[in-house]
Every structure is written in structure tokens, then in C-alpha cells.
Amino acid sequence: TDTDIPWSSTGDINSFAHSTARKRWPVILQAAIEDVKETLVTKSGATKDEGEVIVREMTNVKDECVADAALTPLDDDNSSDIHDFNREIEVLGRPTWLNSPWLFSESYMYRRLQIIFAKSTYWKDYDIFKRQKDSTFLKSGAAVKELTLRYLNLVKEMKGAKNMSEDARKLLFTEMVEISLWGNATDLSLLTNLSLEDIQSLQGKEAIKNSQKNIVVNDTDAVWKLMKDVKGGQIDVVLDNAGFELFADLIFIAYLLASGIASTVILRPKNFGWFVSDVTPVDIESLFSMLRDPKSFDCDAESRRALDTLAAELEGHYRAGRIAVRVDAFWTTAHPFWRLPVLDSAAELYEALKNSDLVIYKGDLNYRKLTSDAHWAKTTPFVDAIGPMGRGSGLRTLALRTCKADVCVGLPSEDKERELLEADGKAWTFNGKYAVISYFDGKAK
Ligand code: F6P
Ligand code: MG
């Protein structure tokens with residue numbers, strides 16, 4: 001079971017888990033408090049009064065975190081996941097914020113905030129991260145325009161070419177996978193460490209080209225071997241961040257549909273604001289309307305036409321159900337994905353994912369959940385680190401992740417690990433410079 005594995009702990013003072021919990025969580029919590037305060041200015045009467053109570057409750061969460069208090073049981077907001085959170089607190093022996101499994105306490109933090117809103121009368125649907133998600137996306141206009149033009153040209157060429165060579169098809173696939181992969185480099189929750197300039201330098205084509213040498217595990221060949229013969233398949237994408245990453249994912253998805261590899265793509269977002277920048281269903285609609293809105297990005301006529309063309313293509317897929325959105329409460333629990341095939345509460349989701357030709361997990365948090373966020377040797381095969389999601393699971397799992405945590409598996413050799421340690425020290429697993437494309441076919445007999 002997953003409890004036998006040594007999880008990353010916020011109590012391990014030499015880990016990124018620890019510095020995240022001690023330094024970055026208070027910053028994230030304070031920014032969320034400031035966001036509510038900013039909204040309060042525009043409110044009056046009962047909404048404002050309730051908002052002031054909410055600010056006080058959020059401040060309590062921050063104070064408990066900073067004081068390294070024990071994790072207290074969650075209030076019941078009538079959702080099915082509360083019981084599991086509270087049971088785990090008991091099983092773990094009522095741990096503290098700064099001495100608990102990192103994956104658990106970090107998930108708890110976002111769930112704890114959500115309850116405050118869920119229990120309110122006037123703020124039920126409020127997303128404390130929405131303002132930040134939207135404003136950051138609007139700043140990535142240059143990369144959005146560049147990728148849009150590139151996509152439209154590539155697809156035009158693809159459709160124009162009568163018989164594309166297998167090599168060319170593979171290259172196009174590789175390029176599209178990498179666009180989606182590096183879209184994950186712009187994670188807002190790392191903004192407390194990275195400057196916007198750092199982040200923007202990871203966007204765009206040049207950066208993608210340069211970054212290929214930084215993909216330390218690359219199973220693209222194995223994925224292509226499968227996908228090259230798939231026609232009209234179903235692909236599921238367990239989304240990560242809104243804004244630029246979602247945009248990059250949609251480029252990849254538009255390509256999968258245009259090339260005929262997929263006929264249906266199921267997007268799997270979160271139910272509420274999660275790990276700062278994760279996609280909620282509302283963020284998907286916002287992205288479409290921001291692409292359409294002439295005021296969003298500063299565009300010349302050519303770019304404007306391109307954004308409209310892409311938006312129309314995506315909206316067409318969306319209306320026709322070729323791009324569908326499905327939510328599930330499982331994604332905002334603290335459960336590692338090791339439990340997905342065994343939990344009763346995830347049974348329906350598990351069956352749905354088994355129907356998919358390929359399930360793509362975006363980003364760092366999904367990778368931590370796949371690998372149970374544990375201290376694996378870096379050369380551990382991916383299939384071993386994903387436990388019940390691996391052999392015999394009936395699932396095809398592809399992780400596209402830039403490395404932003406302590407865990408990383410699947411390195412080809414110890415020499416490779418030494419090389420990375422020499423270049424970046426231990427930070428290679430969390431500084432966002434490196435990435436992995438890890439794949440396992442759990443349908444294979
Ligand atoms: O510490 C990095 C971090 O904030 C982790 O908490 C989390 O795993 C990750 O970033 C979120 O990144 P992503 O959006 O790629 O899942
Ligand atoms: Mg995220």
C-alpha cells in the first residue's frame with residue numbers, strides 16, 4: 001500500500017517540501033487574503049460583512065500555518081471528501097503544518113480555504129485565485145500570438161500535404177507534445193520565486209527548442225509508437241494550470257483533433273481554486289472569451305485574425321462535444337493516484353479513464369500524486385513509482401511535467417543523476433528548468 005512508502009515531508013528541513021511550507025505557503029495565503037480585501041472594496045451590506053468574517057477566517061489559517069499548529073479536522077461542508085481528509089489526519093496522528101506529508105498538508109490548505117467560501121451565503125462561488133490567473137494570462141500575449149500563428153501554419157501544411165512521411169508526422173507530434181509540456185513552466189505558484197521575465201523566457205518557440213536538452217526522461221518514442229496508428233481515439237487530459245498552460249494544452253488538443261488521432265478529448269479540471277493556478281470550468285470559458293476579446297491582447301490585423309480563427313476552431317470542437325469538460329471531486333482530494341483504482345469514491349472515474357486511449361497528466365502536482373510524492377531513488381522505473389496505476393491497471397498514463405518538487409523518477413542511469421547534481425545541485429528536481437515525459441501502457445498484456 002502507499003502508506004509503506006516514505007512520503008516527502010514538510011518536516012524534512014533539507015527538502016523543497018520544507019521551504020515551500022515555511023516560506024511559500026504564507027505568501028500564497030497572504031496573497032489570497034489580499035485578493036478578498038480588494039474585492040471587498042466593491043461590496044456593501046451583508047456581502048461585505050460576510051467578506052470581513054471570511055478575511056478573519058483566512059487569517060486564522062495563515063496564522064496556524066506560520067505557528068506550525070496541528071492540522072485541525074475540516075468543518076463539514078456537506079461534501080463527500082471531508083470524511084477522508086479528517087480520517088487521514090487521525091491516521092497520521094494529528095500532524096502539524098510543518099511536519100506532515102507534503103502532499104497531504106498542501107492539499108488540506110487549499111481545501112481548508114475552500115470550505116470558508118462553501119459555507120458562506122454570498123461568496124459560495126468566489127475563486128480567490130481568479131484575478132491572478134486572468135491577469136497573468138493577459139501578460140502572455142506575445143507567446144499566445146506566436147503559438148497561434150505557428151499552430152495555424154503547421155496545421156495548414158499538415159492538411160495540404162497529401163502524404164506526410166512518418167518521420168514528419170512524428171516530428172509534428174513531438175513538437176506539439178513539447179508545447180504542452182513547457183506550457184507547464186508558467187506555474188503561478190512559483191511566481192514567489194521566479195520573476196516574470198524568467199517565466200516569459202520559458203515561453204515561445206525559441207525556448208522550447210533550447211529546452212529539449214532539459215527533458216531528462218523522454219518517452220515520446222513509446223507514446224508515438226502507440227499514437228501513430230490511433231484514429232478517432234479518446235484522449236483525456238487531467239489539466240493543471242489555467243491561462244498560458246491551458247492555452248498550450250488546447251493547441252496540442254486542437255492538433256490531436258485536426259490530425260484525426262483523436263475524435264474526442266475530455267478535459268478534467270478542478271472543482272474550485274486549487275494550488276493557485278489550476279483550471280476550473282470557469283477558466284476554460286474565460287480563456288475562450290479572452291481570445292475573442294479585441295481588448296485582451298495588443299494585436300495587429302494578422303494576429304487578430306489568427307486568434308479569431310483559432311478561437312472559432314476550438315469553440316466549434318467544444319459545441320460539437322469533441323472537446324468535453326468533466327469535473328470530479330477526486331481531483332481536489334489529498335489522495336495520491338495510487339488510490340484511484342481502489343477507492344470506492346473514485347470507482348466511476350476509474351472506469352471512465354479506462355475507456356480512454358491515453359490519459360495525459362499535466363504538471364507537477366499531478367506527477368507528485370502519480371508517484372505518491374515519495375522519496376524514490378531517481379532511477380526507479382516510472383512503472384514502479386506509479387504503483388497500482390501501472391501494470392494491469394488498464395490505463396495508459398502519460399505525464400508531462402516540469403520538475404518543481406523533490407520527487408523525480410525514471411532517470412536512465414546514476415551517471416545522469418550525477419550530471420544533473422553537478423549542474424544544479426539538488427535544485428535540479430525543483431527549479432523548473434528540467435522536465436520529464438513519462439509514459440506507461442497499463443493496457444498492454
Ligand atoms: O512547489 C511547487 C509547487 O507549488 C508545488 O506545490 C506543486 O507541486 C506545484 O508547484 C504546482 O505546480 P503545477 O502547477 O505544475 O502542478
Ligand atoms: Mg497547478
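In each ligand, atom 1 is the first atom listed, and ligand 1 is the first ligand listed. One is the number of the first residue; the rest follow in order along the sequence. This one's a predicted model, so the numbers in the text were calculated from it and none came from an experiment.
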Test side-chain contact (heavy atoms from CB on, under 4.5 Å) on L103 and K369; report intermediate values, then the result.
CA-CA 8 Å; L103 178 59; K369 286 189 160 187; 3.8 Å; yes

Below 3.5 Å, N or O to N or O, backbone or side chain included: is there any such pair between [X] and ligand 1?
X    : value
S277 : no
N184 : yes
D364 : yes

Determine whether the side chain, the backbone, both or neither of K362 has a heavy atom under 4.0 Å from any heavy atom of ligand 1.
neither

Pick one of side chain, backbone, both or neither for how N241 approaches ligand 1, counting any non-hydrogen atom pair under 4.0 Å.
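Within the 4.0 Å criterion, N241 contacts ligand 1 through side-chain atoms alone.
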
Under 4.0 angstrom from ligand 1, any heavy atom of R401?
no

Assess the residue pair Y110 and D278 against the criterion (side chain to side chain donor-acceptor pair (under 3.5 Å)); give the C-alpha distance rounded to whole Å, side-chain angles, the decisive distance to 0.1 Å, and a yes or no.
CA-CA 11 Å; Y110 290 99; D278 281 27; over 6 Å; no

Look at the N, O or S atoms of [X], main chain and side chain alike, and state whether any lies under 2.8 Å from the Mg ion (ligand 2).
X    : answer
E245 : no
D364 : no
N241 : yes

Answer yes or no: is there a donor N or O on one side and an acceptor on the other, between the side chain of Y108 and the main chain of T72, under 3.5 Å?
yes

Test item: S289 side-chain N/O and E285 main-chain N/O as donor-acceptor pair under 3.5 Å:
yes

Tell me every residue that passes salt bridge (charged side-chain N to carboxylate O under 4.0 Å, His left out) with D344, counting only those two or more places apart in sequence or in another chain.
none

What atoms of ligand 1 come closer than 4.0 angstrom to any heavy atom of F16?
1 (O), 2 (C)

Can you sort out which atoms of ligand 1 are near T20, meaning under 4.0 Å from one of its heavy atoms?
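Per the distance check, 1 (O).
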
Looking at CG of L40 and CD1 of I54, how far apart are the two atoms once the value is rounded to the nearest 0.5 Å?
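Spacing of CG (L40) from CD1 (I54) equals 8.0 Å.
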
CH2 of W102 to CZ of R368: how many Å apart, nearest 0.5 Å?
4.0 Å

Nearest to the Mg ion (ligand 2) - the N/O/S atom of D278, by atom name
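Result for D278 and the Mg ion (ligand 2): OD1.
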
Looking at the Mg ion (ligand 2), which N/O/S atom of D240 is the nearest one?
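This turns out to be OD1.
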
Salt bridge check, D68 against R22: does any charged N sit closer than 4.0 Å to a carboxylate O?
no

Minimal non-hydrogen separation, H18 against T10, with atom names:
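Closest approach of H18 to T10, heavy atoms only: ND1-O, 2.7 Å.
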
For atom 15 (O) of ligand 1, which candidate among L103, V276, N366, D240 provides the closest heavy atom?
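Residue with the shortest heavy-atom distance to the ligand atom: D240.
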
